[in-house]
Amino acid sequence: MVSSKKYWLMKTEPETYSFADLLSKPGRTDGWEGVRNYQARNLMRDEFSYGDEVFIYHSSTAEPCIVGVARVVRTAYPDQTALNPKSDYFDPKSQALGASRWVAVEVQAIKRFHEPVSLKRLRAEASLASMALLRPGQRLSIQPVSEGEWRYICSLSPLVACDVAERETAPLSL
DNA sequence: GCCAACGTTGGC
DNA sequence: GCCAACGTTGGC
């Protein structure tokens with residue numbers, strides 16, 4: 001039996017890597033690298049399936065918010081940045097091991113919120129009270145999102161397909 | 001920049 | 001395996 005689609009939330013600091021950065025990649029697809037937490041790694045490695053959908057969340061910024069939706073287009077593979085001494089994500093222990101202890105997945109941006117859904121807004125919604133993201137001291141950079149939470153959040157602001165947005169906004173650059 | 005809440009490290 | 005020290009995250 002084919003398992004049903006699961007939903008996730010992934011945090012990123014937009015100063016380091018923003019949703020716009022993902023949109024700028026070929027095919028709006030990129031490797032989600034640099035996750036250096038076992039719990040988050042295990043979710044990616046053991047739970048992420050092809051086609052799962054992911055909220056992209058901007059953290060450590062003036063207005064923390066969910067900015068868009070991406071789709072898992074490649075399941076977990078070794079995160080090679082852990083073996084690259086020049087990478088910000090270099091991990092000496094992986095180097096000592098001779099293999100990366102970390103994994104990455106590839107995600108493709110598919111939709112953006114017309115109005116990003118702010119953390120403040122999420123906190124104001126009673127039906128999201130038990131959401132993982134809103135728990136005090138929740139630092140996990142990859143979190144499961146229930147189908148109910150997913151649908152509710154998607155109803156809070158219109159979603160714009162990224163390929164459409166590209167056509168509308170991208171100047172001709174040939 | 002503060003600080004609470006974690007997670008990791010390493011001595012024992 | 002305990003746990004103190006240290007580092008990191010991330011909202012405010």
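What you are looking at is a predicted structure, and each value in this text was computed from that prediction instead of being measured. Note on naming: letters A, B, ... go to the chains in the order of the sequence lines (proteins, then strands), and numbering restarts at 1 for each one.
Taking A:Glu106 as the reference, A:Arg74 meet the salt bridge (charged side-chain N to carboxylate O under 4.0 Å, His left out) condition, with sequence neighbours excluded.
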Problem set entry | Letter per nucleotide, 5' to 3', of nucleotides 3-12 of chain B [B base touched, S only sugar-phosphate touched, - untouched; heavy atoms, 4.0 Å] | --BBSSS---
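No hydrogens or angles considered: a donor-acceptor pair under 3.5 Å links the side chains of A:Asp21 and A:Ser18.
Taking each heavy atom of A:Pro85 and A:Gln95 in turn, the nearest pair found is CG-NE2, 4.0 Å. In terms of heavy atoms, A:Ser157 sits closest to A:His114 at OG-N, 3.6 Å.
Between A:Arg36 and A:Asp91, none of the side-chain N atoms (NZ, or NE/NH1/NH2) sits under 4.0 Å from a carboxylate O, so this pair counts as no salt bridge.
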